[in-house]
Visitor: 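Input: one structure, supplied below.
Everything quoted here is computed from the prediction, not taken from an experiment.
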Amino acid sequence: MPQSSALISGVQSLVVYETRARYFIVGSNQAQTKHRVLKIDRTEPKDLVIIDDKHVYSQQEVRELLGRLDLGNRTKIGQKGSSGLSRAVSAYGIVGFVRFLEGYYIVLITKRRKMADIGGHSIYKVEDTSMIYIPIDSVRVTHPDEARYVRIFQNVDLSSNFYFSYSYDLSHSLQYNLTMLLRPWELSSTVEPSVDEEHSSQSRQDSFDIFEDEGLPMQVVNGLKSEPYLKYVWNGKLLERVKDIVHHDWLMYIIHGFCGQSKLVIYGRPVHVTLIARRSSRFAGTRFLKRGANCEGDVANEVETEQIIHDASVMSFTAGSYSSYVQVRGSVPLYWSQDISTMMPKPPIRLDQADPYAYVAALHFDQMLQRFGSPIIILNLVKKREKRKHEKILSEELYPAVINLNQFLPPEHCIDYIAWDMARYTKSKLCNVLDRLSMIAENVVKRTGFYINRSDFYCHTLRPDERWGDVGGHITPTGRLQTGVLRTNCVDCLDRTNTAQFMVGKCALAYQLYALGMIDKPKLQFDTDCVRLFEELYEDHGDTLSLQYGGSQLVHRVKTYRKIAPWTQHSKDIMQTLSRYYSNAFSDADRQDAINLFLQVYQPSEQRPHLWELPTDFYLHHKSSMALAQERRSYTYWWSEGVLAFLPVAYDEVACKDNMRKVKVKRVNRYDEAIDIYTEFFKPYELTSFDDTFCIAMTNSAREFMPKTVGVDPSPFTVRKPEETGKSVLGNKSSKEEAVVQRKTAASAPPPPSEEAISSTSEDDSEEDREDDGSVSQRSTPIKLLTESGDSTRTHEECQQQQLPVRAPYGINLDELPADEDLLIYQRLRTSEGRFLNTLVSEEGKVCLKTVLKAASFCVVVSEGRC
């Protein structure tokens with residue numbers, strides 16, 4: 001069977017040339033060896049005329065073509081003073097084409113930044129864009145509202161968390177992309193010779209294969225190009241006008257969400273940890289303006305989060321070891337909303353429409369069964385006990401809907417429902433939130449399994465673990481597949497949801513590292529370099545998603561639920577709360593209009609009201625409200641045809657005819673540039689600096705998290721104390737002494753106010769009902785104050801014997817007493833503390849003085865009059 005590989009886009013850099021009546025866009029591959037030309041007519045005032053000859057030009061041919069265009073567009077033949085062809089802009093890709101009330105605009109990516117590398121496939125972040133008006137001024141028909149639409153469209157900041165790749169399909173999971181390579185494409189009927197193949201076959205007739213007479217025929221590889229999953233594509237509508245006209249190399253699909261990558265160094269062995277979040281482009285919007293689900297089963301704030309672990313020492317998808325785990329967050333799939341017209345900090349939840357047969361929930365879970373398989377596990381974190389019904393309304397509607405849908409499914413594929421009041425559990429006196437989440441995560445991962453493209457290692461037989469045998473999923477000869485997914489929700493799907501997803505991801509990470517042979521047991525502890533690195537990724541992930549939907553960063557973090565957040569976090573939480581409230585009250589409406597215009601949910605027209613004149617966008621997102629459906633789905637057989645036949649495996653990943661048609665197959669030489677990922681990644685034709693490579697610049701566990709002390713265990717799985725790491729869990733302190741100060745000061749200080757004491761008026765995850773249970777303690781796990789060895793009863797003499805020489809801030813050597821001159825100065829400044837100073841400088845007070853100086857500088861202690 002021929003090998004399969006993903007096709008690399010042949011258009012990775014663009015140059016736009018301008019004439020009086022045309023735009024010529026010259027696109028080339030990374031090596032600048034193959035070029036394509038696109039011609040856009042500028043004489044049409046309101047229509048888009050694009051011509052693509054689908055011919056591949058060499059560098060010399062492109063130069064000759066541009067020279068002829070330059071010569072032919074000069075005002076006088078032979079004139080050398082003015083050029084008929086001018087270079088307008090350089091870019092890295094086309095976002096799309098958009099029209100408001102006048103002519104079309106072209107949106108180009110003019111700046112990019114590499115964010116991750118998966119098997120040699122680079123993932124880029126959009127850093128800057130350019131919007132060019134196509135028609136010339138002489139044919140332009142002006143409209144007074146055109147400029148306003150342009151401003152609204154540009155309110156979607158394309159330089160903020162939009163990502164793309166030239167060779168890796170970001171709209172699909174790693175499991176889909178790698179299982180697609182294993183399908184029997186030589187039996188597929190979709191393999192048709194393209195224009196490129198016909199051209200290459202003609203050129204092969206004019207040449208010969210030097211190995212043909214030796215019995216070594218040319219090796220053929222199936223180059224694959226799959227259709228994107230449009231639910232997570234944000235420029236699909238912008239490219240819809242041209243996708244059937246131009247070659248697919250011109251089409252570059254972007255996703256919105258988050259992408260981060262860090263390097264975990266295990267005794268010198270690099271392991272890349274990648275986190276990718278895909279935000280749904282359907283029913284997309286801001287916090288209070290998009291709640292629940294629409295009539296097509298798409299929910300608000302739906303994000304698919306995928307963590308990818310791979311051994312970076314081997315780059316190839318076929319020879320390397322890759323593992324991934326996917327989980328989903330999304331609003332409760334019901335018809336519900338919150339009215340913010342009253343400017344209340346906590347608007348009441350309102351059920352907009354009765355749905356006794358769970359029609360909208362059935363549409364939503366049908367989508368999930370097609371994409372993820374079974375089981376679908378719902379983790380519902382909303383409150384269950386409230387004096388005034390608020391969040392409880394959603395649970396009372398969601399649970400009966402799940403029961404109704406399950407009665408028609410086979411028992412082995414039923415939807416699992418887990419309801420857990422995380423907010424109330426946080427206030428419990430004897431309970432630990434993360435311990436309970438760990439138990440839920442262990443059960444979830446064992447049921448869904450995870451993806452890995454390698455069969456079990458022999459070390460699993462030598463050192464078996466009882467938990468490994470219980471891991472679910474679908475086992476194949478080449479590894480195992482994740483079947484099913486965890487769907488987590490609260491009301492906003494922000495703070496509580498992110499913490500729950502982190503705990504599930506941490507549990508899955510342990511199993512992934514165990515499956516890759518990196519650890520001997522599928523268990524990871526907190527305060528290790530590995531978990532700290534993973535927690536930092538998830539906090540960045542949560543902050544980014546929270547900014548996109550809620551208008552501010554996370555209010556409650558993992559450290560908050562661990563009760564180790566620094567006291568300064570209290571004021572930061574208040575500021576994030578105020579920022580979120582301001583965004584929801586004043587700027588969310590404008591952001592929603594921008595999203596509706598960018599996604600082409602609303603398309604301007606002179607025959608319809610303007611976007612800013614609409615009282616609501618309900619009818620834009622609920623299309624069935626404008627016309628009755630011709631065919632109504634069954635209430636009992638609520639799943640799509642063919643889905644149940646392949647469960648627990650997802651229908652989208654099965655090698656059936658419908659899925660095979662979604663992939664374009666092109667048979668190429670093994671060393672063709674279109675599939676040569678080695679040349680694409682290492683760029684041997686360019687002069688590059690090793691220090692400037694992405695793998696050096698990315699976050700590194702050995703550099704960022706491992707202690708700098710000589711002689712410590714370099715393993716990233718060793719539990720560290722807060723003061724032993726470069727990035728302390730106590731507020732990112734880089735100094736060992738500052739971490740010690742916080743731990744020792746906590747011994748004599750009253751407990752800090754917990755996160756439930758913050759009146760989070762703009763985020764349901766932090767809006768705890770204080771009147772709900774006034775007697776419940778707000779601290780679930782007290783801070784344990786231990787010395788460096790873990791023993792809280794050590795004497796000061798033992799501390800002196802084992803203490804290493806350290807230097808405190810401001811250059812004071814703590815092993816020596818202050819000079820007499822300094823003490824005299826302090827005595828003159830604060831004569832009232834003379835007796836206190838005499839006690840400190842006495843023989844009995846030497847040890848006391850050293851202890852005080854370690855906790856804080858001597859100046860601060862004396863000035864505040866504390867001992």
Visitor: Just wondering, are more than 12 heavy atoms of other shown residues or ligands nearer than 6.0 Å to NZ in K237?
Guide: no
Visitor: Angle between ring planes, H622 versus F283, binned at 30° and 60°: parallel, tilted or perpendicular?
Guide: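 Plane angle over 60°, so perpendicular.
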Visitor: Closest approach of D492 and N301, non-hydrogen atoms and distance?
Guide: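 Scanning both residues completely, I find the closest heavy atoms to be O-ND2, 2.9 Å.
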Visitor: Report yes if the distance between the aromatic ring centroids of Y163 and Y124 is under 6.0 Å, otherwise no.
Guide: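 No, the ring centres sit 6.0 Å or more apart.
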Visitor: When you compare the side chains of N380 and N489, does any donor N or O come within less than 3.5 Å of an acceptor on the partner?
Guide: yes
Visitor: What I want to check is whether the side chains of D529 and S701 have a donor and an acceptor closer together than 3.5 Å.
Guide: no
Visitor: Set out, in order, the CA-CA distance, both residues' side-chain angles and the distance that settles side chain to side chain donor-acceptor pair (under 3.5 Å) for Q175 and E653, then state yes or no.
Guide: CA-CA 9 Å; Q175 176 171 312; E653 297 173 3; 2.7 Å; yes
Visitor: Please find the pair of heavy atoms, one from Y229 and one from D652, that lie closest to each other, and give the distance.
Guide: CE1-OD2, 4.1 Å
Visitor: Can you confirm whether the side chains of Q307 and S324 place a donor and an acceptor under 3.5 Å from each other?
Guide: no
Visitor: Does CE belonging to M439 count more than 12 external heavy atoms closer than 6.0 Å?
Guide: no
Visitor: Under 3.5 Å, is there a donor-acceptor pair linking the side chains of H121 and S167?
Guide: yes
Visitor: Under 3.5 Å, is there a donor on one side chain and an acceptor on the other for S321 and H310?
Guide: no
Visitor: Can a cation-pi geometry be assigned to R436 and Y425, taking NZ or CZ under 6.0 Å from the six-membered ring centre and within 45° of the ring axis?
Guide: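 Cation-pi check for R436 and Y425: passes.
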Visitor: Between S165 and S122, which heavy-atom pair has the shortest distance, and what is it?
Guide: OG-O, 2.8 Å
Visitor: Apply the side chain to side chain donor-acceptor pair (under 3.5 Å) test between E302 and each candidate in R329, R282, K231; give the one that qualifies.
Guide: K231
Visitor: Looking only at side chains, do D298 and H621 share a donor and an acceptor under 3.5 Å apart?
Guide: no
Visitor: Does R480 make a cation-pi contact with Y451 (under 6.0 Å, within 45 degrees of the axis)?
Guide: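 Cation-pi check for R480 and Y451: fails.
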Visitor: In this structure, are over 12 heavy atoms from other groups packed under 6.0 Å from K111 atom NZ?
Guide: no
Visitor: Would you kindly check if the NZ (Lys) or CZ (Arg) of K506 is within the cone defined by 45 degrees around the ring axis of F526 and under 6.0 Å from the six-membered ring centre?
Guide: yes
Visitor: Are N498 and H541 close enough that a side-chain donor and a side-chain acceptor fall under 3.5 Å?
Guide: yes
Visitor: Closest heavy-atom contact between S173 and V326?
Guide: CB-CG2, 4.2 Å
Visitor: Compare every heavy atom of E391 with every heavy atom of I349, then report the nearest pair and how far apart it is.
Guide: CD1-CA, 4.1 Å
Visitor: Verify ring pair (Phe, Tyr, Trp, His ring centres under 6.0 Å) between F164 and Y253, making sure each step is shown before the conclusion.
Guide: CA-CA 6 Å; F164 67 94; Y253 297 98; over 10 Å; no
